[in-house]
Every structure is written in structure tokens, then in C-alpha cells.
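This structure is a prediction, so every number in the text was calculated from the model and none was measured.
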Amino acid sequence: MLDRLEFLVSEAFTALRRNTWMSFAAITTSCMALFLLGGMAFAYRGIAGYAETLPSKLEVRVFLVDKRTDFETKQAMEQIGKLKGVRRVALVTKAEAWAKLQREMPDITKGISNPLPDAFNVSLSDVDEANKVATSIRKMPIVEKDGVKYEGETQALLSQTLTLLRWVGSALGGLMLLTSAVLIYNAIRMTIVARRREIRIMSLVGATRSTIVIPLLIEGIIQGAIGGLIASFLIMAGHQLLIRLMANFAGFIRVGALPLILVFGSLVALGALYGLICSMFAVRDPRGIA
Amino acid sequence: MLDRLEFLVSEAFTALRRNTWMSFAAITTSCMALFLLGGMAFAYRGIAGYAETLPSKLEVRVFLVDKRTDFETKQAMEQIGKLKGVRRVALVTKAEAWAKLQREMPDITKGISNPLPDAFNVSLSDVDEANKVATSIRKMPIVEKDGVKYEGETQALLSQTLTLLRWVGSALGGLMLLTSAVLIYNAIRMTIVARRREIRIMSLVGATRSTIVIPLLIEGIIQGAIGGLIASFLIMAGHQLLIRLMANFAGFIRVGALPLILVFGSLVALGALYGLICSMFAVRDPRGIA
Amino acid sequence: MAGVANIEFKGVCVEYGKYVRALTDVSFTVEKGEFVFFVGRTGSGKSTILKLLSREVQPTRGTVLLDGLDVSNMPESDVPSLRRRMGIVPQDFGLLPRKKAWENIGYAMRAVGKRRIEVRKAIEPILENVNLAHRADAFPTEMSGGEQQRLAIARALINSPQLILADEPTGNLDADHSIEIITLLQELNQQGATVLVATHDLMVLEKFSQHRVITMEKGQISHA
Amino acid sequence: MAGVANIEFKGVCVEYGKYVRALTDVSFTVEKGEFVFFVGRTGSGKSTILKLLSREVQPTRGTVLLDGLDVSNMPESDVPSLRRRMGIVPQDFGLLPRKKAWENIGYAMRAVGKRRIEVRKAIEPILENVNLAHRADAFPTEMSGGEQQRLAIARALINSPQLILADEPTGNLDADHSIEIITLLQELNQQGATVLVATHDLMVLEKFSQHRVITMEKGQISHA
Ligand SMILES: Nc1ncnc2c1ncn2[C@@H]1O[C@H](COP(=O)(O)OP(=O)(O)OP(=O)(O)O)[C@@H](O)[C@H]1O
Ligand SMILES: Nc1ncnc2c1ncn2[C@@H]1O[C@H](COP(=O)(O)OP(=O)(O)OP(=O)(O)O)[C@@H](O)[C@H]1O
Ligand SMILES: [Mg+2]
Ligand SMILES: [Mg+2]
């Protein structure tokens with residue numbers, strides 16, 4: 001059994017070694033595919049993480065009527081807190097607001113008494129929900145007429161940009177998946193076509209289908225795994241480059257750290273799986289093994 | 001001469017036809033490469049166009065001192081208008097501003113006289129320049145102390161997001177270029193390795209290097225061009241899909257029309273050129289033709 | 001042993017494509033332990049007869065029986081074990097181009113289930129048997145025509161097959177080597193193997209004239 | 001015509017890799033219009049001698065002169081025109097596997113600059129010359145060994161070469177075809193071509209015993 005395994009594996013390795021060109025092609029192909037795919041995945045992961053931090057910067061401000069009980073206020077806060085897309089609700093009293101306004105705009109506020117109402121500051125966890133949240137709040141009795149203010153346009157802009165990013169990311173990711181499948185399949189199929197004569201000869205000396213096919217599968221796995229390994233290094237390098245580039249930008253676009261083990265582990269495993277699947281397809285074609 | 005050409009071309013076509021698998025692989029490969037590349041280019045084109053419309057929404061507001069002449073005001077407006085990144089400058093008198101504020105915030109403005117100064121509304125054509133523009137304006141004598149206001153954070157956010165998009169786009173585009181070069185080179189190199197024996201035989205009957213090589217180059221060109229053609233169709237399809245998807249989003253994210261002739265023309269030409277270049281490289285390797 | 005029908009062709013026709021008829025209504029039997037030469041002009045169908053037995057070719061009509069088993073209709077999955085019981089020397093040698101001489105032998109042994117240690121021990125004597133020990137590390141393209149042919153023959157003999165199908169095994173060999181090789185096949189025959197040899201080598205036919213000769217002509221047996 | 005040195009080997013050694021010595025200090029001359037058989041055991045270096053003349057192999061030491069021209073040192077770019085002046089029949093036939101029989105002939109003619117119309121007219125008689133007209137549309141893999149061999153021979157003769165290098169041209173042919181082919185070569189020889197044939201076919205050597213025979217042994221000429 002072990003002896004048999006050793007034979008099949010060593011056949012695969014001999015083929016990898018003797019067939020330098022084909023191996024090179026298959027490895028670079030799967031490497032490119034995985035680099036694109038993996039890079040896309042990790043970039044998406046980064047962008048999604050970044051995007052999550054954004055909506056918290058956006059708030060809805062709710063002005064309240066003067067005639068209301070503390071209980072009503074508390075109840076309204078609770079109701080708002082339960083709305084979908086709301087992260088936090090805070091009461092800002094008219095005194096607090098006026099003090100802030102006085103600090104920020106001394107010219108306007110000089111010499112007049114506080115005309116401001118009490119207000120809620122509602123932070124959103126999901127910016128897409130802003131309109132719905134606003135509509136719900138507007139209906140509450142303790143809310144002033146037209147007392148719900150939020151920067152609708154900017155929020156919508158940001159929200160749509162992010163949605164676009166997500167769409168484009170998913171579309172490109174899916175495309176990569178397709179492309180890399182075609183590419184790896186091609187690489188292995190070419191190997192088999194190039195070796196058709198050899199396969200005929202093998203079967204002529206009485207080799208069974210599995211004896212012929214298993215080394216080819218192992219070859220595919222190894223090529224895919226090596227491709228994944230190289231792709232991991234490329235992604236690490238690309239990540240470093242990105243950090244360098246982004247260092248030039250002040251502020252909140254920060255490039256997060258990459259989880260090393262996750263990158264290597266997942267790409268090598270994915271590469272191996274890919275190589276296996278594609279070589280299974282390639283091997284399956286009846287014209288190949290005849 | 002014509003007879004010679006016919007021979008070389010028909011050799012290329014025979015090879016394309018007999019070598020179904022290799023042709024399929026080369027065509028799908030170049031198609032994928034060009035699809036990615038072309039799709040990226042046209043997507044970038046779209047995003048860049050969209051991005052250009054954004055900064056106009058962003059303004060810097062400049063409050064002016066009361067003591068100034070009309071001439072000074074005019075001069076300052078001209079100066080500001082000439083600053084890099086400025087699209088338009090408009091004077092908003094204190095009366096206009098107060099009227100607007102009274103409309104928007106009747107509570108605050110009720111019963112007090114207009115405390116506002118005159119102001120410029122400065123629209124930016126390039127949001128990246130906001131800081132510089134603000135600094136320059138701040139130095140002007142007719143500008144109030146601390147009289148330059150703009151939504152720095154939101155602007156910076158948008159600006160950085162766009163910059164990020166541009167970086168990612170360029171990086172991915174470059175990567176595509178590299179990937180597709182490797183892939184097409186691989187495809188043609190494999191063809192040549194698979195045909196090494198045939199090439200030896202050809203040279204044995206006295207075929208010159210050019211007789212052997214030119215059909216291979218023509219083959220590369222044709223494969224690349226067909227790949228480009230298919231990629232064009234895929235891009236058209238992808239574009240249609242994007243329009244469908246985006247129809248769900250209200251507002252300003254609009255998917256522009258694709259210039260048909262440009263898409264087909266450029267992708268087919270690019271494909272042909274790519275096929276030629278890669279096959280030249282592949283053919284050049286001395287181990288190939290021996 | 002004589003008298004036991006080992007191989008039986010019954011009304012076998014082989015057509016390649018629509019227009020090429022390689023065999024027309026061929027019937028004959030070969031008994032266990034026989035040594036048969038197939039002769040005939042080129043294109044007369046000698047190789048096709050041997051390929052029918054190894055299931056490289058399937059008949060358009062008729063049946064091919066080997067030990068009573070219908071070779072032409074057996075399921076694809078039984079073919080490997082069928083071939084393991086034969087030694088096949090193809091006319092074009094059929095060597096694996098990316099394997100060295102000894103690896104070509106080794107692969108054939110490993111493929112049929114021999115263990116690594118057995119293989120390592122067996123290779124040297126096998127190569128010596130056909131005078132090739134000094135070329136063990138050469139790839140087929142690095143060997144002369146005759147060396148390739150002897151390698152193909154050596155490979156066919158590794159499993160002590162009970163049926164040997166040799167297609168022009170001396171086409172690239174000088175007289176001495178030809179006689180050596182046929183003598184080798186004859187020895188295996190004397191140990192019980194059935195041997196079928198397609199050849200056009202008159203010298204060989206003369207030297208080994210004690211054996212049965214089946215003459216082919218245009219896809220038919222003209223003299224058996 | 002006799003007396004003009006056409007081919008001259010001077011102290012030629014050929015080593016493949018470090019350990020394989022195919023030819024050791026081989027010297028001989030062949031005159032214009034001669035017909036020479038090279039014989040010898042397999043691996044003795046016959047093919048190597050022919051390959052030196054077609055520049056498939058370069059000597060480790062010594063020179064190979066053809067019409068006074070140093071074949072072994074000519075620039076790579078002159079090799080095609082050198083080969084166009086010869087007819088080469090490789091031991092392994094060297095047919096293009098993805099081209100049909102007539103296309104194999106056609107390619108060789110087109111490659112050396114013949115026009116399409118000429119080619120179309122020429123192919124039929126060429127194939128008939130070697131009894132292959134009925135197989136014109138077959139791919140090499142669809143032809144019997146002998147048919148492939150005859151195709152290779154036909155291809156070598158298309159350009160009315162002044163030098164014919166035939167490596168075992170009858171290895172896969174029956175007696176009748178062998179004699180036919182050698183007779184064909186002999187006719188070309190009588191029209192002025194120099195013909196070198198490597199063979200181990202004793203029958204051929206006997207029938208055509210009027211020609212010069214060079215015997216090789218272990219990479220050296222043992223009898224000229
Ligand atoms: N490309 C090569 N690499 C290494 N060794 C080679 C190569 N070609 C030939 N040889 C070796 O050189 C020696 C002479 O080979 P050559 O082909 O000239 O013999 P030959 O006389 O034609 O034999 P045959 O009658 O079997 O064709 C042989 O031992 C052969 O194995
Ligand atoms: N795969 C194939 N496709 C089409 N025709 C074929 C195929 N194989 C053989 N033939 C044809 O069938 C006929 C018999 O071929 P076969 O190889 O059996 O002849 P043979 O007697 O072995 O000849 P040789 O002595 O030349 O080897 C020939 O005319 C050949 O061209
Ligand atoms: Mg045959
Ligand atoms: Mg030889």
C-alpha cells in the first residue's frame with residue numbers, strides 16, 4: 001500500500017521535474033489566479049472593515065417639543081434605540097447645545113437668549129436606513145414639526161459609493177473565480193493533450209486508469225499549492241507596498257495588518273483544492289485517456 | 001510573393017484548425033486577460049467620469065470683514081477664481097444669507113437683527129485642493145479672522161476614497177497587464193513545446209526559420225484577436241448587467257453608455273498586438289526552435 | 001499443450017473510417033504454445049491482427065477470442081488486466097519519451113503492481129538480456145534505432161507473459177541481434193508462451209523455418 | 001564523374017554527453033555519384049554519420065566537408081539551404097503528425113519555395129511512385145509502418161536532390177518493396193545523385209552487391 005503510494009507520488013514528482021515548462025505554466029497560472037482572487041478577498045475584507053467604521057460618523061438630529069414629560073422622553077429614546085440601523089441615541093439638552101453653539105459661533109449668539117430646543121443625537125449603524133429612521137422618528141409626538149435633520153445627500157453619496165464598491169468587488173471576485181478555473185483547467189488539459197501519446201503507451205503496458213490518473217491529480221494539487229504559496233508571498237509584498245503608499249495619506253484610511261497564517265493557509269489550501277478539481281475535470285474528458 | 005503569403009497564412013489556419021485544444025486554450029486565455037483588462041479600463045473610465053462630477057458639490061465658505069471697498073471685493077473674487085482647484089466664486093451678501101437662515105431656522109433668528117457678515121461661496125473643481133485654497137484665502141486682508149469654513153472632514157473622506165479607488169484601479173490594471181502577458185506567453189510557449197518535434201522535422205526538410213516561425217506568429221495574432229472579440233462581447237454583456245443592477249439605485253450613480261466601436265476596435269487590436277508580442281517572445285527562445 | 005485453442009479469430013473485419021478496410025473476413029486459430037509468423041506486404045493487415053488481440057483496435061464485425069474470452073467486447077475496465085498477461089512490442093516501439101531506459105522498464109513493472117525492491121533488483125538483468133545495460137540512463141531519443149527496439153522487447157518480457165505480440169521486432173536490428181532476439185522469443189515459447197510475430201525479415205523466416213507462417217494479402221489470409 | 005571528392009570526413013569524433021562516444025576518429029571520402037551502404041551492428045554509429053552530413057549533429061572533433069564546404073562549422077542560417085539540396089529519410093520517418101500524407105509532401109515542397117500550382121500537380125505522381133496514392137488523405141498515425149516509411153522516402157525525393165541520405169529505408173518494408181525502393185534510389189544515383197544508405201538488411205546488400213559497403217564497428221570504420 002505504502003509502496004504503491006510512493007510509486008504514484010514519485011511518478012507525479014518525476015513528471016513535475018521533467019516537464020519543467022508545463023509545470024512552470026501551470027504554477028504561474030494558478031499563482032496569478034490565486035493572487036488576483038486572494039488579493040481581491042483580502043482587499044475586500046479591508047474595505048468592508050473600513051466601511052463599517054464610516055456610518056458611525058453620521059448622525060440624525062431630532063429636535064423635541066418643549067411640552068413633554070421625562071417619561072415620554074425616555075420612552076421615545078428607547079423606541080428610537082430599537083429602530084433598525086440605529087446605533088446609539090443621546091439626549092442633548094438645549095443648554096448643552098447652546099453652549100456649543102456659543103463656542104462655535106460667537107457672532108450669531110452674542111447677546112441673545114437660548115432659542116434652541118432639546119434634541120436627540122441619533123448615531124446610525126447602517127447609513128442605508130437613514131431615511132426610514134427619519135420617517136419613523138418624524139411621526140413621534142414629542143418631535144417638533146420638521147424637527148428631524150440629517151445630511152441626506154452626503155450620506156446617500158457615501159452609502160452609494162460603498163454599495164458600488166461592494167458590487168464591483170463581488171463582480172470582480174466572481175470573475176476571478178471563473179477566470180482562474182478556466183486557466184487552470186486549460187493548463188492541465190494541455191498537459192494531458194501533450195501527453196496523450198504517453199498515456200496510450202502507459203495503458204499499453206497494462207497500467208490501470210487509476211495508475212495513470214492519480215499522478216496527474218497529485219501533479220495538479222502540487223502545482224496549485226505551489227501557486228498558492230507564491231501568491232501568498234505576492235500578497236504580502238503587495239500589502240507592504242500598500243502600507244508604504246498609504247503612509248502618504250493622512251487621516252483615517254489605515255491599512256490593517258494581514259493575518260499571516262490565514263493568508264498562507266487559505267491560499268495554499270485553496271490552490272491545492274483548485275488544482276485537484278481542475279485536474280479532475282481535465283482528466284475526466286474521455287478523449288484524454290484513450 | 002502572394003503565393004508565399006498564402007502558404008504562410010494557410011499554414012497558420014491549418015494549425016488553428018487541427019490543434020483545436022491549443023487554440024481553445026490560447027483564445028480563452030487571451031479573452032479572459034483582455035476582458036479583465038478592458039473591463040478594468042472601461043470601469044475606470046466610468047468611475048473617473050463620475051468622480052469628476054463629485055467635487056462640485058463641495059464648497060468653501062469665506063466670511064468677509066465689513067470694512068472693505070467694492071474694488072477690494074472684486075479683486076479678491078478674481079484672485080480666488082484663479083486659484084488651482086476653484087471652479088466658481090459667488091458673493092453672498094449678508095442680507096441673502098440672513099434671509100436663508102431665517103427661512104431655515106426661524107427659531108434662532110426670530111426677533112434679532114442680522115448678525116451675519118457678507119461671504120463668498122467658493123465651489124471647488126478639485127476637492128484635493130481644499131486645504132490649499134483655504135490657506136490661500138485665509139491670508140487675504142478682506143477675509144475675517146477664522147472666516148474660512150469648509151466641511152474638511154467629509155471632503156477629506158471623499159477625496160481619500162476617490163484616491164484609494166484610483167490607486168486600487170491602477171494597481172489592479174497593472175496586475176492584469178502582467179497576468180495576461182504571462183498567460184498568453186504560456187499558452188503559445190506550450191504550443192511550441194508541444195510541437196517541438198514537428199519543428200525539428202520542418203527544419204529537416206529545409207524550411208527556413210521564417211517559414212517555421214511566421215505561421216506561429218500569425219496564429220498568435222489570430223488567437224489574440226479572437227480573444228479580444230469575445231472579450232468585447234463579454235464586456236458589453238457585463239455593462240448591460242451593470243445597468244440593470246444600478247437601475248435599483250436612485251440618484252447620481254449613473255452607468256454611462258459604452259462607446260461600441262471603441263470597445264471592439266481597441267480590444268481586438270490590443271488582442272492581436274498581445275498575441276503577436278507574446279508569440280514573438282515565445283518563438284524567440286532558442287530551445288523552442290532547434 | 002498442443003490442441004488447446006488459445007486464440008480464435010472468427011470472420012473478423014476491420015474498417016478504419018469509411019473507406020479503409022484493413023481486414024476482410026479473417027478467421028484462424030492459434031493453439032496454446034504455438035509460434036506463428038505473420039508475413040505479407042506492407043499494409044496487408046499484420047499489425048491490425050496483433051492490435052485486435054491487445055484491444056488497441058476493435059473489429060467492425062466478427063469476434064476475437066483469447067482463451068475463450070471475447071476480447072473485442074470486454075468492458076474497458078478489464079483491458080488493463082488483459083494487457084498485463086501479454087507482452088506487447090509495438091511496431092513504433094512505444095517508449096515513454098520522458099523516461100530513461102531503466103525507467104521505461106521500471107514503469108511497466110510498477111504499473112502492473114510490482115514492488116519497488118523487486119523492480120530495482122530486476123532491471124539490471126533485464127537490460128543485460130538485450131545488451132542494453134550500458135545505456136540504462138539514456139532517454140529514448142538518445143538511443144539508436146536498434147537500441148530502442150531492444151528496449152521495447154525487453155519491456156514486453158518483464159511479466160513473463162503467456163502471450164507475446166511482437167510487431168516487426170527486428171526491423172531496426174542487424175542480423176546477429178535479430179537472431180538473438182528471435183531466439184529469445186523462441187526460448188520463451190518453449191517455456192509455454194504463445195508467440196505471434198509480424199515480420200517481413202526473410203532472413204529470420206529462413207533461419208526459423210520450423211515455425212508456422214500465416215501469409216496476409218490485402219487484409220485476407222492467403223496462406224496459413 | 002568519378003574521382004571528384006563529394007564528401008570527406010577527416011578524423012571525426014562525436015561524443016554525446018560525457019560518456020557516450022558514438023564515433024571515434026572516422027575518416028573517409030565518398031566521390032560524386034557514388035552509391036554507398038553503411039552497415040554495422042546497432043549502435044555502431046551509422047545514423048550519426050548521416051546526421052553529421054545533414055547538420056543534425058555536430059562533431060566534437062574533426063571536420064565534415066561536403067563539396068569542399070565545412071558542414072560542421074557553417075552558420076545556422078545556411079543550414080536550411082544545405083538541407084534543401086539533400087533528400088533525407090530519417091530512421092524514425094520524421095513525418096508531421098498533424099498533416100495528412102499529401103500535406104506532408106506538400107509542406108516540404110512549399111517550405112523550399114515551390115509554388116502552389118506546381119505542388120498540386122506534383123503530388124499525385126510522387127505518391128504513385130511509392131504506391132501510396134490511395135492513402136493520400138491519411139494521417140501518419142493512420143498508416144501502416146511500411147506506408148509511413150514509403151511516405152518518408154517519397155518526401156526525400158521531391159527536390160531531385162544531389163545527395164540522398166537514407167537511414168534504414170527498408171526497415172519496415174517487405175522484400176518486394178525493399179527492392180523497389182533501393183532500385184528507385186539506384187536510378188537517381190544513375191542520374192548523378194550521390195546516395196548514402198544505412199542498412200542492416202542482408203537481402204538488400206546481397207541483391208545490390210555491386211555498390212560500395214562501409215562497415216562500422218563501435219564507432220569506427222572496420223572495413224571500407
Ligand atoms: N542524442 C543522443 N544522445 C546520446 N547518445 C546518443 C544519441 N544519439 C545516439 N546516441 C548513441 O550513439 C551511439 C551510435 O548511435 P547511432 O544512432 O549512430 O547508431 P546506429 O549505427 O544508427 O544504430 P542503429 O542501427 O540501431 O540505428 C549509440 O550507442 C547511441 O545510443
Ligand atoms: N488508425 C488507422 N486509420 C486508418 N487506416 C489505418 C489505421 N491503421 C492502419 N490503417 C490502414 O490499414 C491497413 C492495414 O494496416 P496494418 O498496419 O495492419 O498493415 P501492416 O501489415 O502492419 O503493414 P506494415 O508491414 O507496413 O506495418 C493499411 O492500409 C493502413 O494504412
Ligand atoms: Mg505493421
Ligand atoms: Mg541508426
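- Residues C:Phe35 and C:Phe208 fail the side-chain proximity criterion, which asks for heavy atoms closer than 4.5 Å.
- Contact annotation: the side chain of C:Leu52 never approaches that of C:Val26 to less than 4.5 Å [non-hydrogen atoms, C-beta and beyond].
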Scan the chain C/chain D interface and emit each donor-acceptor pair under 3.5 angstrom with its distance.
{"unit_1": "C:Arg41", "atom_1": "NH2", "unit_2": "D:His177", "atom_2": "ND1", "d": "3.1"}
{"unit_1": "C:Arg41", "atom_1": "NH2", "unit_2": "D:His177", "atom_2": "NE2", "d": "3.1"}
{"unit_1": "C:Thr42", "atom_1": "N", "unit_2": "D:Asp174", "atom_2": "OD1", "d": "2.9"}
{"unit_1": "C:Thr42", "atom_1": "OG1", "unit_2": "D:Arg150", "atom_2": "NH2", "d": "2.5"}
{"unit_1": "C:Gly43", "atom_1": "N", "unit_2": "D:Ser144", "atom_2": "OG", "d": "3.4"}
{"unit_1": "C:Gln91", "atom_1": "NE2", "unit_2": "D:Asn172", "atom_2": "OD1", "d": "2.9"}
{"unit_1": "C:Ser144", "atom_1": "OG", "unit_2": "D:Gly43", "atom_2": "N", "d": "3.4"}
{"unit_1": "C:Arg150", "atom_1": "NH2", "unit_2": "D:Thr42", "atom_2": "OG1", "d": "2.5"}
{"unit_1": "C:Gly171", "atom_1": "O", "unit_2": "D:His200", "atom_2": "NE2", "d": "3.0"}
{"unit_1": "C:Asn172", "atom_1": "OD1", "unit_2": "D:Gln91", "atom_2": "NE2", "d": "2.9"}
{"unit_1": "C:Leu173", "atom_1": "O", "unit_2": "D:His200", "atom_2": "NE2", "d": "2.9"}
{"unit_1": "C:Asp174", "atom_1": "OD1", "unit_2": "D:Thr42", "atom_2": "N", "d": "2.9"}
{"unit_1": "C:His177", "atom_1": "ND1", "unit_2": "D:Arg41", "atom_2": "NH2", "d": "3.2"}
{"unit_1": "C:His177", "atom_1": "NE2", "unit_2": "D:Arg41", "atom_2": "NH2", "d": "3.2"}
{"unit_1": "C:His200", "atom_1": "NE2", "unit_2": "D:Gly171", "atom_2": "O", "d": "3.0"}
{"unit_1": "C:His200", "atom_1": "NE2", "unit_2": "D:Leu173", "atom_2": "O", "d": "3.0"}

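- Contact tally against chain C (heavy-atom pairs below 4.5 Å) for D:Ala175, D:Gly146, D:Ala22: the top residue is D:Gly146.
- Counting only heavy atoms from C-beta outward, the side chains of C:Leu53 and C:Phe9 approach each other to under 4.5 Å.
- Looking at D:Val197, D:Leu205, D:Leu202, D:Val204 one by one, the single match for side chain to side chain contact (heavy atoms under 4.5 Å, CB included) with D:Val39 turns out to be D:Leu205.
- Within the 4.5 Å cutoff, the side chain of D:Val36 has no heavy atoms near those of the D:Ile7 side chain.
- For C:Leu173, the parts sitting under 4.5 Å from any heavy atom of chain D are the backbone and the side chain alike.
- Note: D:Gly43 leads D:Ala138, D:Gly17, D:Gly43 in heavy-atom pairs under 4.5 Å with chain C.
- Contact of the C:Ile105 side chain with the C:Leu151 side chain is registered, since non-hydrogen atoms from C-beta on lie closer than 4.5 Å.
- Annotation for D:Val119 and D:Gly106: closest pair CG1-CA, 3.9 Å, computed over non-hydrogen atoms.
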